Number of protein chains: 2
Amino acid sequence: MYTLAEENYLKAIFHLEQEYNKPVPTNAIAEKLAMKASSATDMVQKLSDKGLLNYRRYKGATLSDEGKKVAAIIIRKHRLWEVFLVEKLNFQWDEVHPIAEQLEHIQSDELINRLDAFLDHPDYDPHGDPIPDKNGVIKTAEKKVLSELTKGQVGVLVGVRETSSEFLQYLDKRDIAIGTKIRVLGREFFDGSMVLQVRKEQFFISKKIAENLYIQI
Amino acid sequence: MYTLAEENYLKAIFHLEQEYNKPVPTNAIAEKLAMKASSATDMVQKLSDKGLLNYRRYKGATLSDEGKKVAAIIIRKHRLWEVFLVEKLNFQWDEVHPIAEQLEHIQSDELINRLDAFLDHPDYDPHGDPIPDKNGVIKTAEKKVLSELTKGQVGVLVGVRETSSEFLQYLDKRDIAIGTKIRVLGREFFDGSMVLQVRKEQFFISKKIAENLYIQI
DNA sequence: AAATTAATTTAGACAAAACTAAATATATGA
DNA sequence: TCATATATTTAGTTTTGTCTAAATTAATTT
């Protein structure tokens, strides 16, 4: 098995690869993990030697197939624990991340299989992110950022990009949650702000908000 | 907070203190944690400097009040997780120890409070051991080792001393569990073996078994 | 294209927690 | 009580994962 530090690097690189769609710079890894670039270089070299990363000096790193699988299993555990915390222990969705960050490192396949069954094999975590299966396969649903929709389009909120407490509480306050139906009533080209219809009410939202909501049409 | 290694030492010393009822020798600590005596000495000195242990060179260590509390909270977490694993995830009682050993180090008071509530504030873990309260206070029930009972005495199984899989499976196979009523039909002084009545059946058990069952009269 | 800036890597140091081997207390037995 | 055996500690080393500072490579600007 892998050390705590190794697991954290693999997970970070997994997430960064989705942003970059090309090799992830050492600096980005270091920043994500709140460490110095030299530390990231060291660990990237070590993980590369172990066959978990493809890495070329000065060129950044990508996960190998093996690395991708290890990362996906960690993310699977993280998201299953988040479901547990929200569904069974009644945590708010903005409180669970730091706890799941610890729980994701518990080593026991049997535990995760049983937790998965106990939770009725959920497909998504409380933030709408898909839960990888046992083999690390992630089904990525077709989804758009709300800010890409045009006047008149209707969709359902399926996920959030930001996961800060502030943002999640902003949504809670307005009773906007995963599954909420949203209609675009208008769009302002000048500042990217939008007017939405949610249930019976109208909402004005800024561009920044619109860019952090994932919608399925 | 304390490191993983520190927590493991505190827990080990807590358990050993109950066996010894006097300062615990360095060697015993090392053995319990499967480490060399020199490593134990190092850590004991460090924990002593931090005020968690009372330690005198060559004389062994005891937990300070603070150390006792920290250890009790770790044990509280361990036992609550064991209840969760058995009651909610349907693990057998002989499978849970290694997993709880990892889960006991998760840091979140809120998590433990909610887990405790989710499990209906259990008083005992699946092996019959009492669960310390939030403040680390353990209520120790009056209990005897089965081998101390004499012919004719009746009691209820409230705990086990051994927790190896082999032993727990031995009990499972005979349908003896926490809460099972036991009557002593006879006792052989020569080898310490006993004849018991459990439900409608008679059981013959060796001294070794009798010494590992805790009974409440 | 050369000079400057930014990103990355290397080299060397440190802390934590383990180890081995040697030194020193303590306990035991003749 | 003295000698020996056992337990414990000390000293010095190793590994992991971090750091700082210096060196090197790549990217950008003039």
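All figures in this text were calculated on a predicted structure; none of them were measured in a lab. In what follows, chains carry the letters A, B, and so on, assigned in the order in which the sequence lines appear, proteins first and then strands, with residues in each chain numbered from 1.
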Atom CG of Asp42(A) and atom P of dT20(D) are separated, to the nearest Å, by 13 Å
Can you check whether Thr26(A) has a side-chain N or O nearer than 4.0 Å to OP1 or OP2 of dT9(C)?
-> yes
If only side-chain N and O atoms of Gln45(B) are considered, is one of them under 4.0 Å from the OP1 or OP2 phosphate oxygen of dT10(D)?
-> yes
Looking at Tyr9(A), does any N or O in its side chain come under 4.0 Å of the phosphate oxygens OP1/OP2 on dT18(D)?
-> yes
So which nucleotide from dT26(C), dG17(D), dA18(C) ends up closest to the side chain of Tyr58(B)?
-> dT26(C)
Can you check whether Asp125(A) reaches Val96(A) side chain to side chain, under 4.5 Å on heavy atoms?
-> no
Length of the CG-C1' vector between Leu4(B) and dA18(C), whole Å | 13 Å
Are any of the side-chain nitrogens in Arg161(A) or Glu19(A) under 4.0 Å away from the carboxylate oxygens of its partner?
-> no
Which nucleotide in dA18(C), dG17(D), dT8(C) has an atom nearest any side-chain atom of Tyr55(A) | dT8(C)
Which is true for Thr41(A) with a 4.0 Å heavy-atom rule: it touches a base, it touches only sugar-phosphate, or it touches nothing?
-> base
Using a cut-off of 6.0 Å, state whether more than 12 heavy atoms not belonging to Asp191(A) lie near its atom CG.
-> yes
To the nearest Å, give me how far apart CZ (Arg56(B)) and P (dA25(C)) are.
-> 15 Å
Given atom CE of Met43(B) and atom P of dA15(C), what is their separation to the nearest angstrom?
-> 16 Å
Does Arg57(B) place a side-chain N or O at less than 4.0 Å from the phosphate oxygens OP1/OP2 of dT26(C)?
-> no
Rounded to whole angstrom units, what separation is found between the CD atom of Glu31(B) and the P atom of dT6(D)?
-> 15 Å
Do Lys50(B)'s NZ or CZ and the ring of Tyr2(B) fall within the cation-pi criteria of under 6.0 Å and 45°?
-> no
Using a cut-off of less than 4.0 Å, is there contact between a side-chain N or O of Ser38(B) and OP1 or OP2 of dC19(C)?
-> no
From NZ of Lys36(A) across to P of dA7(C) the rounded distance in Å is 14 Å
Whole-Å distance between dT9(C) C1' and Lys59(A) NZ?
-> 14 Å
When the distance from CG of Asn27(A) to P of dA27(D) is rounded to whole Å, what number comes out?
-> 13 Å
Quick check: does any side chain N or O of Arg79(A) sit under 3.5 Å from a backbone N or O of His127(A), one acting as donor and the other as acceptor?
-> no
